[in-house]
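All remarks here apply to the structure that follows.
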Amino acid sequence: MGTDLSAAAARSIALAAQGFTDPAPNGPVTRAHFKRVLGRTRLLQMDSVNVLARAHYLPAFSRLGAYDDRLLDTAAWRSTARAPRLLVEYWAHEAALIPVDDWPLFRWRMTELAGGRWRHVREALARNTALVDDILAVIIEAGASTPRDLESALGVDRAGAAPGTWWERGEVKNVCEALFAGGTLSAVRDDKFFRHYDLAERVVGEDRLAVDLPKAEAVAELVRRAAAAHGIATAADLADYYRLPTAEVRGLLGALIEDGTVTEVTVEGWGEPAYLHREASIPRRPVRSTLLSPFDPLVFYRPRTLRLFGFHYRIEIYVPAHKRVHGYYVLPYLHDGGLQARVDLKADRRRGVLQVLAAHHEDGADLDHLVPALAADLAALALWRGLDSVQVQPSGDLAAPLARAVAG
């Protein structure tokens, strides 16, 4: 067993590994800065909720400050000869943007999901095997296509179908989902966040498609990436990053210790072994204060968030309004190296206002330092989203002092 680490040291290591102590850009955020963030996080979890900004845009803001959304759009969906694709969408930690060069690391998962990730998708594929060739023929001829484009090309009439909801997809959409999960199709997104399905080789490149790694080799490499992204982690933390079975990860740790990727250590209060990445360090730079997406890699595994920060965090989007404790779209606030507050935010785009629907602080937070910092970071967030002002509603134990600081 290696040297014991304090809880504070482990927290600092984790923050540094995720890029929160990297120097701020000296000037506008560039593609190089964005690539640095990707090198830290290794993935960007996606989410369609747009009450503030879609989740995959927020991690770069949290680490770099205001940047042009088109940096991410170009990296993922609008690649050019001068700015080639950096990211591609796949099932990593849930739906995520991953480095396009990591595509071969997920071929084993594509094989396992070849019939579709969800039961209703697998059933749709089983009902419509002949539809596969028809869909592929249209995409080969027409290029990237939405399910509606494909339905139109195939003469599918859904005039009587119920509109819109995720559970009311047509058969074409479900077959596309199965082909996406199996790696035959990939996808790009438009400004409305709709998927346009295309042949995987057109999106990721035939050279990447041709790489066929054995599953054991690919999974071991994913665990290495998770270890670097965490800095320090338990086996369960490492497994969750790419949704791997914890038992499988435990079986790999001996080899990773032997080759020097990680060192087994103990951490104060953790109660189970931790694994310190060989490049991890306790930073000398201060940790930036920033607002975090509910799906930021620093906090998306809630047991780790509680263990690192003593911060009990649950997303309450699907909780009935009258039962919510902290709000609908609640962002943790990272300040002075800890998660010291949380704010329920909504962008009122019509009025140009960033609404703070509720604000709460954690026990022990130093409000004299916390409140002005949070007010400034809310103003920066509003400016990034093109909003003119911040408005604090009188809900939560931090609302009154925060409202005064915002007004001042």
Side-chain angles (χ1 to χ4, degrees), residues 1-22 40-42 59 62-63 93 223-241 246 249-250 253 256-257 260-315 326 330-343 360-370 373-374 377 398:
M1 186 71 71
T3 305
D4 289 354
L5 290 171
S6 69
R11 188 161 52 247
S12 295
I13 289 168
L15 288 164
Q18 278 287 314
F20 291 103
T21 60
D22 289 345
R40 293 294 197 181
T41 66
R42 309 285 173 155
S62 298
R63 290 156 180 80
H93 182 94
V223 177
R224 290 188 182 93
R225 279 160 163 68
H230 280 311
I232 189 165
T234 66
D237 297 339
L238 296 173
D240 181 75
Y241 213 73
T246 302
V249 171
R250 290 189 196 280
L253 285 170
L256 298 188
I257 292 170
T261 298
V262 298
T263 302
E264 186 174 345
V265 298
T266 61
V267 177
E268 174 192 6
W270 280 27
E272 57 185 302
Y275 300 90
L276 181 69
H277 190 262
R278 62 186 168 203
E279 295 178 2
S281 62
I282 299 176
R284 295 182 179 179
R285 293 190 186 95
V287 177
R288 66 181 297 123
S289 292
T290 190
L291 291 149
L292 301 173
S293 161
F295 308 106
D296 191 287
L298 182 67
V299 297
F300 60 28
Y301 185 45
R302 309 310 190 204
R304 177 176 171 83
T305 305
L306 181 61
R307 191 183 334 113
L308 274 175
F309 299 103
F311 189 85
H312 186 271
Y313 186 39
R314 295 291 183 271
I315 193 74
H326 296 110
V330 176
L331 278 67
Y333 184 55
L334 177 65
H335 178 67
D336 196 25
L339 298 180
Q340 297 197 10
R342 60 189 93 200
V343 285
H360 297 83
H361 66 78
E362 295 299 290
D363 292 342
D366 182 348
L367 299 192
D368 289 342
H369 291 92
L370 170 67
L374 178 54
D377 283 329
L398 190 58

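What you see below is based on every heavy atom in this structure, not just the backbone, and it leaves out hydrogens, waters and symmetry mates. For clarity, every value in this text was computed on a predicted model and none was experimentally measured.
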Are R304 and D240 close enough for a salt bridge, meaning some N to O gap below 4.0 Å?
no
In this structure, CG of L292 is separated from CG of L331 (nearest 0.5 Å) by 7.5 Å
Within a strict 4.5 Å, meaning less than it, do heavy atoms of the W270 and L5 side chains meet?
no
For a quick test of reading the model, state the closest non-hydrogen atom pair linking A14 to L298 and the distance between them.
O-CD1, 4.4 Å
Validation row: D366, D336 side chains within 4.5 angstrom (heavy atoms):
no
Non-hydrogen atoms of H326 and V330 that approach each other most closely
O-CG2, 3.5 Å
Among T41, D22, T290, D296, exactly one meets side-chain hydrogen bond (donor to acceptor under 3.5 Å, both in side chains) together with R63. Which residue is that?
D296
Rounded to the nearest 0.5 Å, what's the gap from CD on E264 to CG on L253? Could you check?
8.0 Å
Apply side-chain contact (heavy atoms from CB on, under 4.5 Å) to residues V343 and Y333 and explain how you reach the verdict.
CA-CA 8 Å; V343 285; Y333 184 55; 5.7 Å; no
Give me the atom names and distance for the closest heavy-atom approach of R250 to A235.
NH1-CB, 3.6 Å
Donor-acceptor contact below 3.5 Å, side chain Y275 vs main chain T261
no
Look up atom CG in L339 and atom CG in L308, then write down how far apart they are to the nearest 0.5 Å.
9.0 Å
Can a donor-acceptor pair be found, under 3.5 Å and without considering hydrogens, that links the side chain of H361 to the backbone of L367?
no
Under 30°, 30 to 60°, or over 60°: which ring-plane class applies to F311 and Y313, parallel, tilted or perpendicular?
tilted
Give, for atom CG of L238 and atom OG1 of T246, the distance between the pair rounded to the nearest 0.5 Å.
9.0 Å
Check I232 against A10 and note the closest heavy-atom contact, atom names and distance.
CG2-O, 3.7 Å
Look only at the side chain of Q18 and the backbone of H230, and say whether a donor-acceptor pair between them is shorter than 3.5 Å.
no
Should V267 and R307 count as side-chain neighbours, where that means a heavy-atom distance under 4.5 Å?
no
Once you round to the nearest 0.5 Å, how far does CZ of R40 lie from OG1 of T21?
6.5 Å
Atom pair CD (E268) and CZ (R11), whose distance is rounded to the nearest 0.5 Å
9.0 Å
Please say which of S62, P283, P286, S289 ends up in a side-chain contact (heavy atoms from CB on, under 4.5 Å) with F20.
S62
Aromatic rings Y241 and H93: how do their planes relate, parallel, tilted or perpendicular, breaks at 30° and 60°?
tilted
If you compare all heavy atoms of A17 against all heavy atoms of A228, which two are closest, and at what distance to 0.1 Å?
CB-O, 3.7 Å
Is the shortest side-chain N to carboxylate O distance from R288 to D377 below 4.0 Å?
no
I315 to R302 - nearest heavy-atom pair and separation:
CB-NH2, 4.0 Å
